[in-house]
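Have a look at the structure below, then the notes.
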Amino acid sequence: MAPPPTPVIPREAWEGCSVLLDINDGDRLAFFRLTPGATVKIGDKSCSLQPLVGRPFGSLFRVGPAGLVPCAAAEAPAQDDGANGQAQVETRDNRSLVDNNTAQTLSSEDIEAMKREGASGDAIVEALIANSSTFGNKTVFSQEKYKLKKQKKYAPKVLLRRPSTRSICETYFKKYPARIGFMRVDTLSLMLSMANVGAYSDVLVVDMVGGLVAGAVAERLGGTGYVCSTYLGSASSSIDIIRMYNLSGDMTSRIFQARLSDLCSLQNSGDAPSAILDSIQGEVVESGAVPDESTLAQPVDTAMSDENVQSAAAQPIDIEVAEPAMDEHLNRGDNSSDCKGSNGTSIAPKSLRAGKAPSPGRMKYWKEHGFSSLIVAAPGHEVESLVADLLPLLSYSAPFAIYHQHLQPLATCMHSLQVSKMAIGLQIIEPWLREYQVLPSRTHPHMQMNAFGGYILSGIRIHSPDPCNGE
Amino acid sequence: MMVPLDPSDKPTSQRRIAVGDTVVVYERHDSMRAVTVTADGVLQNRFGVFRHADWLGRHFGSKVFSSAGGGGGGGKFARKAGGGFVHLLAPTPELWTLVLSHRTQILYIADISLVVAYLELVPGCVVLESGTGSGSLTTSLARAVAPQGRVYTFDFHDQRAASAREDFEKNGLSSLITVAVRDIQGEGFPDEHSGAADAVFLDLPQPWLAIPSTGTMLRQDGVLCSFSPCIEQVQRACEAMRSCFTDIRTFEILLRTYDVHEGALKSATANEAANLGSVPEKKRKIRTGGEAFDSTQTSSVMARPCSTARGHTGYLTFARRSVHGSQAVANECCSTS
Ligand SMILES: C[S@@+](CC[C@H](N)C(=O)[O-])C[C@H]1O[C@@H](n2cnc3c(N)ncnc32)[C@H](O)[C@@H]1O
């Protein structure tokens with residue numbers, strides 16, 4: 001057996017990379033690009049992101065007088081609100097607790113004074129606890145809750161996370177689900193499996209969920225194979241989200257955008273139609289990311305404002321998902337374009353944008369060999385006729401997965417595939433995901449669950465010798 | 001080839017079935033089997049007798065007919081000799097999970113897909129697994145890390161390890177998967193993988209015993225997953241994780257499957273007489289086959305959840321190797337817990 005491979009996942013943040021910041025345990029989640037001038041606003045303080053460069057993903061930071069500083073190991077909060085140690089038998093209860101706002105003897109002026117004297121956030125939290133007359137009577141559980149609340153206010157923590165399909169999908173789902181058509185991470189994971197996405201695949205995708213699917217597929221291809229993101233009408237839909245993934249230049253250059261009608265006409269005719277040849281002069285046509293609002297109603301995408309749309313054509317952006325809605329604001333500062341991952345692979349410089357039109361040669365290859373699989377995520381669309389157009393583009397025996405947030409369009413689509421006998425192994429599923437709190441003597445499902453993460457229709461394209469044979 | 005190791009390896013529309021290929025013979029969605037194609041092979045099932053020779057040169061995804069009537073019981077589908085048919089599919093890890101021989105309990109697609117996504121596996125990753133069991137998960141792990149990554153999988157059961165190795169060999173996965181016999185609960189993972197794993201997966205009866213070793217194997221921020229059917233196992237595993245893992249999260253994933261059929265529902269209005277009068281416009285629905293429905297009925301495609309479903313498989317607990325403190329400190333905290 002060959003020696004073990006060299007590490008592929010960068011474990012430390014680098015200048016110019018995309019990072020996910022988790023502020024106060026998920027209260028705020030935001031993507032940033034670590035450009036020299038990048039800052040994050042925490043409370044009333046604007047902090048430079050430079051201290052994150054070179055730090056391992058998974059590191060925790062606090063806000064010091066001069067900005068973000070890494071927490072020492074000891075400062076890392078105990079996992080899962082005080083779960084360390086054995087199960088404690090609770091002896092206190094809250095029968096005598098009176099909530100009359102007089103319990104705290106430290107005034108806001110006192111706190112301001114402490115701050116001026118340079119007290120750390122943690123010291124303020126300690127002082128608040130020491131000056132709370134009711135703290136000692138609270139149950140351990142509410143003591144922790146109290147402490148956590150004060151910590152968030154006076155000693156915010158910033159967790160540096162690595163953007164990956166998992167963290168990107170979770171972040172959007174939590175903060176801005178409409179943008180990704182309410183596709184939960186387990187649903188996306190299932191589609192990637194059902195569509196057999198792996199190295200060297202040529203995956204056909206319809207991505208109307210902002211690029212989440214195209215990015216996830218590109219990540220799984222790892223710089224092999226190709227993603228062909230096809231779109232209806234004359235303009236491609238935005239696949240901006242792929243910029244949150246730290247895709248290498250090679251991975252990015254393997255994402256193509258092609259008009260569905262071009263793919264279909266190629267399928268039907270013998271040669272690449274001249275229309276395509278015209279449109280791919282010089283191979284790199286920047287397919288601007290103007291969504292196709294005129295021809296396609298896209299109810300879930302309404303919140304995508306025009307400026308967001310325009311951002312796609314500009315520089316890599318910092319995206320802040322935590323703000324009121326999805327507040328994608330441009331960073332017009334300079335962006336170092338050739339950045340190195342910790343493993344030495346260069347991360348897509350801005351000139352190497354995803355979404356080129358495929359060359360005639362590539363189109364010809366796809367026509368002759370078919371795509372290895374298909375993923376459709378068009379949550380605002382009817383899928384029956386779309387899928388009828390797409391399936392002939394797949395190679396025989398290729399699996400496919402169609403997402404929808406509504407059941408009926410998939411049922412209709414499945415029924416018509418059953419009748420047309422274009423596919424077998426047809427199945428509609430709905431994943432159900434439940435998260436648990438696991439603590440000594442306090443294990444139970446989370447009180448809040450996400451009741452819905454979408455439906456998937458999956459199946460396998462089969463070979464039908466010719467359309468009019470009676471078998 | 002189930003997991004292509006180079007571009008020429010993948011099944012495309014140009015690929016034809018040849019001797020030595022593994023095909024998944026699809027009878028129905030709940031009845032499939034893997035068959036290795038040989039020059040003089042014969043498959044006999046309730047749909048008839050199929051000669052492998054008739055399959056050669058055909059596309060994957062083809063429908064093939066039997067050369068003789070089915071052996072007993074298949075009457076309905078194989079009325080006449082040569083009438084029965086099956087489809088020949090290119091194998092994938094998903095299909096493999098449905099056709100492999102169960103030597104143990106196995107993981108199915110819902111758990112598998114969540115594991116692969118949450119372990120953040122991409123091509124080139126190194127992943128450790130124990131136990132190998134029937135290799136259902138292993139096959140999907142191999143696809144996720146191919147072509148240059150590796151899966152090192154361990155089972156303390158000699159025979160199971162050997163059978164799994166044979167399966168991987170047959171599916172062309174040997175260069176991606178190394179199977180070793182080892183008591184992971186007793187000895188932990190081998191030192192040679194120390195600090196070199198991007199991810200670790202445990203499906204063991206007492207996972208907490210292997211967790212200290214797991215902590216030393218993982219790269220910082222690498223992800224551990226432990227699968228356990230019982231909540232008591234989860235409880236103990238989580239306690240063992242707290243010393244050097246963070247972001248500990250436990251999930252359960254289940255699938256609800258839907259049946260789809262076209263049918264007609266009887267019209268029901270308060271005013272019976274309305275149904276007897278002239279046929280309302282919208283009810284004059286003609287079915288695609290040309291068969292006209294009763295005018296008082298409307299035909300539509302309807303979906304409903306299937307009544308049988310898997311109610312529980314296991315809990316999946318994910319945790320991240322914490323980066324706080326040096327590797328040495330963490331090693332210590334892991335090995336003493
Ligand atoms: C339920 S099976 C794993 C199934 C596997 N995940 C799959 O999808 O096919 C559990 C396996 O763990 C193995 N096992 C149990 N204890 C072990 C130990 N201490 N060390 C290594 N393997 C062990 C068993 O032999 C068994 O094959």
Side-chain angles (χ1 to χ4, degrees), chain A residues 1 4-5 7-9 11 56-60 73 76 79-80 83-84 162 164-166 185-186 189-190 192-194 196 198-201 219-220 222 224 368-370 372 395-397 399 407 411-412 414-415 419 424-425 427-436 438 443 460-463, chain B residues 3-4 7 10-14 26 29 59-63 87 89-90 92 94 109-110 112-114 117-118 120 122-126 143 146-150 178 196 198 219-221 231 234-235 238 242 246 248-258 260 262 301 303 320 323-325:
Chain A
M1 166 129 311
V8 286
I9 297 184
R11 295 297 178 184
F57 289 112
S59 300
L60 203 59
Q79 172 68 34
D80 286 351
N84 38 354
R162 185 173 65 86
S164 65
T165 296
R166 168 183 171 177
V185 63
D186 51 313
S189 313
L190 271 160
L192 294 168
S193 288
M194 289 172 152
N196 191 28
Y200 301 116
S201 303
E219 193 188 75
R220 293 261 171 124
T224 70
E368 287 167 5
H369 292 80
S372 336
S395 71
Y396 305 119
S397 202
L407 178 57
T412 310
M414 175 160 157
H415 183 258
V419 171
I424 55 171
Q427 198 183 34
I428 295 176
I429 57 155
E430 177 193 4
W432 185 90
L433 185 72
R434 182 160 217 175
E435 184 162 5
Y436 286 76
V438 180
T443 293
I460 295 173
R461 194 232 161 155
I462 52 173
H463 177 247
Chain B
V3 175
K10 65 183 168 197
T12 76
S13 290
Q14 303 287 309
Y26 177 102
H29 71 97
H59 292 282
F60 282 96
S62 291
K63 183 179 191 175
H87 283 93
L89 303 180
T92 63
E94 284 61 45
I109 186 166
I112 292 173
S113 63
L114 196 64
Y118 266 56
E120 303 183 324
V122 296
C125 279
V126 172
R143 174 182 60 198
Q148 78 279 31
R150 290 282 188 290
T178 307
D198 291 293
R219 295 200 168 105
Q220 60 186 7
D221 208 38
I231 199 72
V234 175
Q235 189 93 40
C238 285
R242 290 204 173 94
T246 91
I248 304 170
R249 296 176 72 185
T250 301
F251 295 94
E252 184 182 16
I253 182 168
L254 295 172
L255 297 184
R256 170 175 259 189
T257 309
Y258 288 82
V260 170
E262 186 179 24
V301 173
R320 242 168 232 289
V323 299
H324 297 289

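The structure displayed is predicted, hence computed values, not measured ones. Scope of the values below: all heavy atoms of this structure, side chains included, with no hydrogens, waters or symmetry mates. Each chain gets a letter, A, B and so on, in the order the sequences are listed, and its residues count up from 1.
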Sequence neighbours excluded, which residues qualify as side-chain contact (heavy atoms from CB on, under 4.5 Å) partners of A:His369? A:Tyr365, B:Thr12, B:Gln14

I'd like to know which of B:Val260, B:Thr250, B:Thr257 tops the heavy-atom pair count under 4.5 Å against chain A. B:Thr250

What pair of heavy atoms forms the shortest contact from A:Val8 to B:Gln148, and how long is it? CG1-NE2, 4.2 Å

What heavy-atom pair brings B:Asp221 and A:Gly58 nearest, and what distance separates the two atoms? OD1-CA, 3.8 Å

Rounded to the nearest 0.5 Å, what separation is found between the NE2 atom of B:His59 and the CD1 atom of A:Ile462? 13.0 Å

Could you tell me whether the side chain of B:Tyr26 and the main chain of A:Gly425 form a donor-acceptor pair under 3.5 Å? yes

Would a distance-only check, ignoring hydrogens and angles, find a side-chain to backbone donor-acceptor pair under 3.5 Å from A:Ser397 to B:Ala90? yes

Mind running side chain to side chain donor-acceptor pair (under 3.5 Å) on A:Thr443 and B:Gln235 for me, showing each step along the way? CA-CA 8 Å; A:Thr443 293; B:Gln235 189 93 40; 2.9 Å; yes

Hey, which of B:Ala303, B:Cys238, B:Pro147 has the most heavy atom pairs under 4.5 Å with chain A? B:Pro147

Would you call B:Ser13 and A:Glu368 a side-chain contact if the rule is heavy atoms closer than 4.5 Å? no

Of all of B:Arg256, B:His29, B:Arg320, which one pairs up most often with chain A through heavy atoms under 4.5 Å apart? B:Arg256

Given a strict heavy-atom distance threshold of 4.5 Å, which part of A:Glu219 is in contact with chain B: side chain, backbone, both, or neither? both

Heavy-atom contact with chain A under 4.5 Å, split by part of B:Pro11: backbone

Candidate pair A:Ile460 and B:Glu94, rule side chain to side chain contact (heavy atoms under 4.5 Å, CB included), full reasoning: CA-CA 11 Å; A:Ile460 295 173; B:Glu94 284 61 45; over 6 Å; no

To the nearest 0.5 Å, tell me how far A:Ser189 OG sits from B:Ile253 CD1. 7.5 Å

Separation between OH (B:Tyr258) and CD (A:Glu430), nearest 0.5 Å, reads 3.5 Å

Options B:Val3, B:Ile231, B:Thr92, ranked by heavy-atom pairs under 4.5 Å with chain A, top entry: B:Thr92

Residues which pass side-chain contact (heavy atoms from CB on, under 4.5 Å) with B:Pro4, listed by chain and number, not counting sequence neighbours: A:Tyr200, B:Asp9, B:Lys10

Is chain A contacted by the side chain of B:Glu252, its backbone, both, or neither, given a heavy-atom distance below 4.5 Å? both

With a 4.5 angstrom heavy-atom cut-off, is it the side chain or the backbone of A:Leu407 that approaches chain B, or both, or neither? side chain

Smallest heavy-atom separation, B:Tyr118 atom then A:Arg166 atom, equals O-NH1, 3.0 Å

Please walk me through it: do B:Ser113 and A:Leu192 pass side chain to side chain contact (heavy atoms under 4.5 Å, CB included)? CA-CA 8 Å; B:Ser113 63; A:Leu192 294 168; over 6 Å; no

Specify the closest pair of heavy atoms between B:Phe60 and A:Tyr396, including all atoms of both residues, with the distance to one decimal. O-CB, 2.9 Å

Heavy-atom closest pair (A:Met194 atom, B:Ile109 atom, distance to 0.1 Å) is CG-CD1, 3.6 Å

Okay, A:Leu433 and chain B: the region with an atom under 4.5 Å from a heavy atom over there is both

All heavy atoms of A:Arg220 vs all of B:Pro123, minimum pair found to be O-CG, 3.1 Å

d(B:Leu114 CG, A:Asp186 CG) to nearest 0.5 Å is 6.0 Å

With a 4.5 Å cut-off on heavy-atom pairs, point out which of B:Val122, B:Leu254, B:Leu89 contacts chain A the most. B:Leu254

Nearest 0.5 angstrom please: A:His463 NE2 to B:His87 NE2, how far? 10.5 Å

B:Arg143 side, atom CZ; A:Ser201 side, atom OG - distance, nearest 0.5 Å: 8.5 Å

